[in-house]
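Model, not experiment: these values are computed from the prediction. Position 1 is the first residue of the sequence, and the numbers go up from there.
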Amino acid sequence: QWKLVESGGGLVQPGGSLRLSCTAAPSRFRLDYYSIGWFRQAPGREREGVSCISSQDNRTYYSDSVKDRFTVSRDNAKNTVYLQMNSLEPEDTAVYYCAADVSPLLSGRFTRVPRSWGQGIQVTVSS
């Protein structure tokens, strides 16, 4: 069994930046074999997809709400996927989850609910 572990969340002022990391535990499970997605869920709202990166060609996708502010990337040497979040807004406040699946993305979306999920990490944007 393996699991995903998120880190890097916290409290930041509007306009600030945070970088979330997603790693595998134990580390022998290679994330480069998986399409990785970042999702978030705010209180009283449904979970929404934020960004994803394909396992096949590392192509990246973003929701309209974060496009041009967030960047997803991989560092295969560190077996880590990052979500760089800039120009954060109070509306970005949520629990953020990374998720992984071996299935390829289709038009920037998972074709099924990802099989592996992290425990989630809180991001709070507030002055």
(request) Applying salt bridge (Lys or Arg N to Asp or Glu O under 4.0 Å), name anything that partners Asp92, two or more places apart in sequence or on another chain. (result) Arg40, Arg69
(message) For the CG atom of Leu20 and the CH2 atom of Trp38, what is their distance to the nearest 0.5 Å?
(response) 4.5 Å
(message) Nearest 0.5 angstrom please: Leu31 CG to Ile36 CD1, how far?
(response) 4.5 Å
(request) For the residue pair Ser65 and Glu48, establish whether any side-chain heavy-atom pair is separated by less than 4.5 Å. (result) yes
(message) Are Tyr61 and Phe110 linked, directly or through intermediate hydrophobic residues, by side-chain heavy-atom contacts shorter than 4.5 Å (ILVMFWY only)?
(response) yes
(request) With sequence neighbours excluded, tell me which residues meet salt bridge (Lys or Arg N to Asp or Glu O under 4.0 Å) with Arg30. (result) Asp32
(request) Only counting residues at least two apart or in another chain, list the ones meeting disulfide (SG to SG under 2.5 Å) with Cys52. (result) none
(request) Heavy atoms only: give me the nearest Ile121-Gly9 pair and the separation to one decimal. (result) CD1-N, 3.2 Å
(message) Could you list the cluster mates of Tyr82? Members are the ILVMFWY residues connected by side-chain heavy atoms closer than 4.5 Å, either directly or through other members.
(response) none
(message) Under the rule for ring-ring contact (aromatic ring centres under 6.0 Å, His included), what residues qualify as partners of Tyr34, not counting sequence neighbours?
(response) Trp2
(request) With sequence neighbours excluded, tell me which residues meet side chain to side chain contact (heavy atoms under 4.5 Å, CB included) with Ser126. (result) Leu11, Thr124
(request) Name all residues meeting the side chain to side chain contact (heavy atoms under 4.5 Å, CB included) criterion together with Thr60; count only those two or more places apart in sequence or in a different chain, and write none if there are none. (result) Ile53, Tyr62, Val72
(request) Could you list the residues that satisfy ring-ring contact (aromatic ring centres under 6.0 Å, His included) with Phe39, not counting sequence neighbours? (result) Trp117
(message) Tell me every residue that passes salt bridge (Lys or Arg N to Asp or Glu O under 4.0 Å) with Arg112, counting only those two or more places apart in sequence or in another chain.
(response) Asp101
(message) Show every disulfide (SG to SG under 2.5 Å) that has at least one partner inside residues 3-43, sequence neighbours left out.
(response) Cys22-Cys98
(message) To the closest 0.5 Å, what do you measure between CG (Leu18) and CD (Gln84)?
(response) 8.5 Å
(request) Mind checking the CE-CZ spacing from Met85 to Arg19? Nearest 0.5 Å is all I need. (result) 11.5 Å
(request) For residues Leu4 and Gln119, report the shortest heavy-atom separation together with the two atoms involved. (result) O-OE1, 3.5 Å
(message) For Asp75, give me all partners under salt bridge (Lys or Arg N to Asp or Glu O under 4.0 Å), at least two apart in sequence or on another chain.
(response) none
(message) Looking at every heavy atom in both Ser27 and Asn79, which two are closest together, and how far apart are they?
(response) O-ND2, 3.2 Å
(message) The criterion is side chain to side chain contact (heavy atoms under 4.5 Å, CB included); which residues satisfy it with Gln56, sequence neighbours excluded?
(response) Ser54, Pro104
(request) For residues Tyr33 and Val102, determine if any side-chain heavy atom of one lies less than 4.5 Å from a side-chain heavy atom of the other. (result) no
(message) Using every non-hydrogen atom in the two residues, find where Ala100 and Pro114 come nearest and quote the distance to one decimal.
(response) O-CB, 3.6 Å
(message) For Ala94, is there any backbone N or O sitting under 3.5 Å from a side-chain donor or acceptor partner on Gln41?
(response) no
(message) Does any part of the side chain of Gln13, heavy atoms only, come nearer than 4.5 Å to the side chain of Leu88, both counted from C-beta?
(response) no
(message) For Thr23, is there any backbone N or O sitting under 3.5 Å from a side-chain donor or acceptor partner on Thr80?
(response) no
(request) State the OG-CG distance between Ser35 and Leu105, to the nearest 0.5 angstrom. (result) 4.0 Å
